[in-house]
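By convention in this document, chain letters (A, B, ...) are assigned in the order of the sequence lines, proteins followed by strands, and residues within each chain are numbered from 1.
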Number of protein chains: 2
Amino acid sequence: MADKDLRERIKEVAVEHFNTNGYHGTTIRNIAKDVNCSLPMIYYYYKNKKELFDEIIKKEYFNLLEKQASLLKIDNVIDFYTKFIYDLNSLSNYDKQVYRLGIKVYLSFDGDEELMNLMDEWEKSILPRHREILKPHMKNVNNEKAVVRTLVHLLETMIENIVVKNRYLPEDEIREEISIVLQSCG
Amino acid sequence: MADKDLRERIKEVAVEHFNTNGYHGTTIRNIAKDVNCSLPMIYYYYKNKKELFDEIIKKEYFNLLEKQASLLKIDNVIDFYTKFIYDLNSLSNYDKQVYRLGIKVYLSFDGDEELMNLMDEWEKSILPRHREILKPHMKNVNNEKAVVRTLVHLLETMIENIVVKNRYLPEDEIREEISIVLQSCG
DNA sequence: TCCTTAATTTAACGTTCGTTAGAATTATAG
DNA sequence: CTATAATTCTAACGAACGTTAAATTAAGGA
């Protein structure tokens with residue numbers, strides 16, 4: 001009966017529900033209804049609700065973050081960061097929702113400490129990573145640290161606008177804002 | 001028996017619970033237990049769970065936003081915005097939690113459309129407001145619009161760090177970042 | 001004092017939740 | 001064609017939920 005792999009379809013629908021209604025607001029019954037399968041099928045593929053949720057965050061969300069982080073090809077930093085953010089606009093709907101859900105978990109709406117710690121660790125790696133990227137382009141800059149921090153902060157907001165608030169950010173606006181922060185770099 | 005006004009105490013505890021567990025993860029029973037009153041007392045003061053939640057967002061959260069927005073005394077814009085953000089650090093715990101909850105609702109974790117629309121309207125008023133504040137200080141700036149947008153984006157992230165992620169942001173870091181964006185202004 | 005109103009409680013209602021037992025169906029392979 | 005394994009279903013479990021009825025207690029003025 002199943003056109004696509006059922007296990008996958010369950011996960012896709014689950015992402016949608018967790019996103020819209022939160023962990024506690026999401027019910028296995030509603031997921032099953034949208035997937036068009038019976039309720040116990042979800043328990044056939046996932047041990048329980050929590051495991052379904054965890055798989056989305058631990059596998060899907062972190063996969064996404066790592067894929068993004070590996071896109072490092074730099075000549076012009078402003079071009080690079082502009083592309084980095086602009087490409088988020090064209091993420092698949094599913095990826096966008098996974099991203100969105102990850103950010104929401106990070107902001108601890110449903111208070112899962114274990115997942116939050118995972119994310120805290122990830123966040124600690126962000127500043128040094130961008131520092132490395134920017135270092136060669138900031139010879140003549142004295143407040144290097146602050147510039148990197150400001151840039152990362154700005155990136156965060158733009159990511160949030162695109163992914164969480166589901167807005168489209170035009171490339172020239174992205175470029176403008178990044179340029180304002182990086183105007184002292186080449 | 002009640003040392004403080006019971007109605008108020010219920011609301012305070014509710015903010016905590018909604019923040020930690022989300023709307024659906026929060027139960028009237030748990031609120032009552034923490035308030036140390038019986039369950040129906042909550043229905044004595046609030047029509048139902050939704051009304052309790054709505055009162056927090058509509059009254060407490062928007063009060064907070066408006067109080068913040070009315071703090072406009074400007075001579076040096078960098079000083080002004082630094083103070084604007086820095087003062088968030090010393091919000092009362094209750095105010096911080098209300099703020100946090102508001103942002104989370106805005107990011108639509110529990111999908112209340114009515115509340116989200118209210119917040120969308122508020123957000124539309126933000127850019128013009130800061131444009132007014134900054135206008136007199138940007139005579140010699142050509143990309144005025146972009147600078148205002150960048151600043152507002154940067155402010156958003158800093159607010160989120162202090163209020164949602166509950167971090168302390170030191171004044172000099174705030175000032176550094178704002179200065180980087182506003183370096184073309186006086 | 002008694003009466004009225006406000007504050008608070010115990011106990012329960014109907015519903016929905018997460019989860020599972022166990023039977024039925026379908027696919028697979030020998 | 002048959003036996004075994006992989007899927008899928010119907011039906012139900014106990015627990016927890018939001019909410020309310022109705023009884024009890026506390027407070028205050030006549």
Side-chain angles (χ1 to χ4, degrees), chain A residues 1-60 101 104-105 109-115, chain B residues 1-60 101 104-105 109-115:
Chain A
M1 199 70 71
D3 9 340
K4 224 205 255 183
D5 186 30
L6 182 54
R7 190 174 195 282
E8 217 56 28
R9 272 188 26 247
I10 289 172
K11 189 155 57 178
E12 280 171 27
V13 170
V15 169
E16 250 179 79
H17 282 234
F18 284 133
N19 243 316
T20 315
N21 307 113
Y23 180 80
H24 292 101
T26 296
T27 75
I28 309 286
R29 279 169 177 82
N30 284 341
I31 294 176
K33 198 184 291 171
D34 274 14
V35 173
N36 229 336
C37 70
S38 73
L39 188 157
M41 280 312 295
I42 289 162
Y43 287 92
Y44 184 73
Y45 288 111
Y46 299 92
K47 209 178 93 201
N48 51 36
K49 186 181 177 182
K50 185 65 176 17
E51 195 187 80
L52 172 57
F53 187 73
D54 275 18
E55 176 163 326
I56 293 170
I57 298 299
K58 287 189 185 159
K59 281 178 57 177
E60 307 285 309
L101 188 55
K104 285 172 177 178
V105 171
F109 210 101
D110 259 294
D112 184 309
E113 271 199 68
E114 187 214 343
L115 292 179
Chain B
M1 199 74 66
D3 10 338
K4 224 206 255 181
D5 187 29
L6 182 55
R7 191 174 195 282
E8 215 56 27
R9 269 185 31 244
I10 290 173
K11 189 156 54 176
E12 280 172 27
V13 169
V15 169
E16 252 180 77
H17 282 235
F18 284 133
N19 243 315
T20 314
N21 307 112
Y23 180 79
H24 291 103
T26 296
T27 74
I28 309 288
R29 279 170 178 81
N30 285 341
I31 295 176
K33 197 184 292 172
D34 274 14
V35 173
N36 230 333
C37 71
S38 73
L39 189 157
M41 279 312 294
I42 289 162
Y43 288 93
Y44 185 73
Y45 288 111
Y46 298 92
K47 209 177 93 202
N48 52 35
K49 186 180 177 182
K50 185 65 176 19
E51 194 186 82
L52 173 55
F53 187 73
D54 276 18
E55 177 164 325
I56 292 170
I57 298 300
K58 288 190 184 156
K59 281 178 57 177
E60 307 285 309
L101 187 56
K104 285 172 176 177
V105 171
F109 212 99
D110 260 293
D112 184 310
E113 272 200 66
E114 186 214 346
L115 291 179

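In this structure, NE2 of A:H24 is placed 13 Å from P of D:dA16, rounded to the nearest angstrom. Rounded to whole Å, atom C1' of D:dA16 lies 12 Å from atom CG of B:L39. Atom CG of B:N36 is separated from atom P of C:dT9 by 9 Å (rounded to the nearest Å). If you measure from atom CZ of A:F53 to atom P of C:dG18, you get 14 Å, rounded to the nearest angstrom. To the nearest angstrom, C1' of D:dC17 lies 13 Å from NZ of B:K33. We find that CD1 of B:I10 is positioned 9 Å from P of C:dT8, with the value rounded to whole Å. Remark: C1' of C:dG18 and NZ of A:K47 are 14 Å apart, rounded to the nearest angstrom. Computed from coordinates, the A:K49 NZ to D:dA16 C1' distance equals 13 Å when rounded to whole Å.
Phosphate proximity of D:dT7 to A:Y45: absent, as no side-chain N or O sits under 4.0 Å from OP1 or OP2. Between A:Y43 and C:dT20, a side-chain N or O to OP1/OP2 separation shorter than 4.0 Å is absent.
Looking at heavy-atom distances under 4.0 Å, A:T27 makes contact with sugar-phosphate atoms alone, never a base.
At a threshold of 4.5 Å between non-hydrogen side-chain atoms, the residues A:N30 and A:K33 count as touching. Annotation: side chain of A:L6 is in contact with side chain of A:R9 (closest heavy-atom distance under 4.5 Å). A heavy-atom distance below 4.5 Å is not found between the side chains of B:E51 and B:Y45.
The side chain of A:M41 sits closest to D:dT7 out of D:dG18, C:dG18, D:dT7. Listed nucleotides: D:dT19, C:dA6, C:dT10. Nearest to the side chain of B:R29: D:dT19.
Comparing B:N48 and A:C37 by the nucleotide of DNA chain D whose heavy atom lies nearest to each, the residue mapping closer to the 5' end is A:C37.
Checking side-chain atoms of B:K104 against main-chain N and O of B:G22 turns up no donor-acceptor pair under 3.5 Å.
B:Y44 does not carry B:R7 over the face of its six-membered ring by the limits of under 6.0 Å from the centre and within 45° of the normal.
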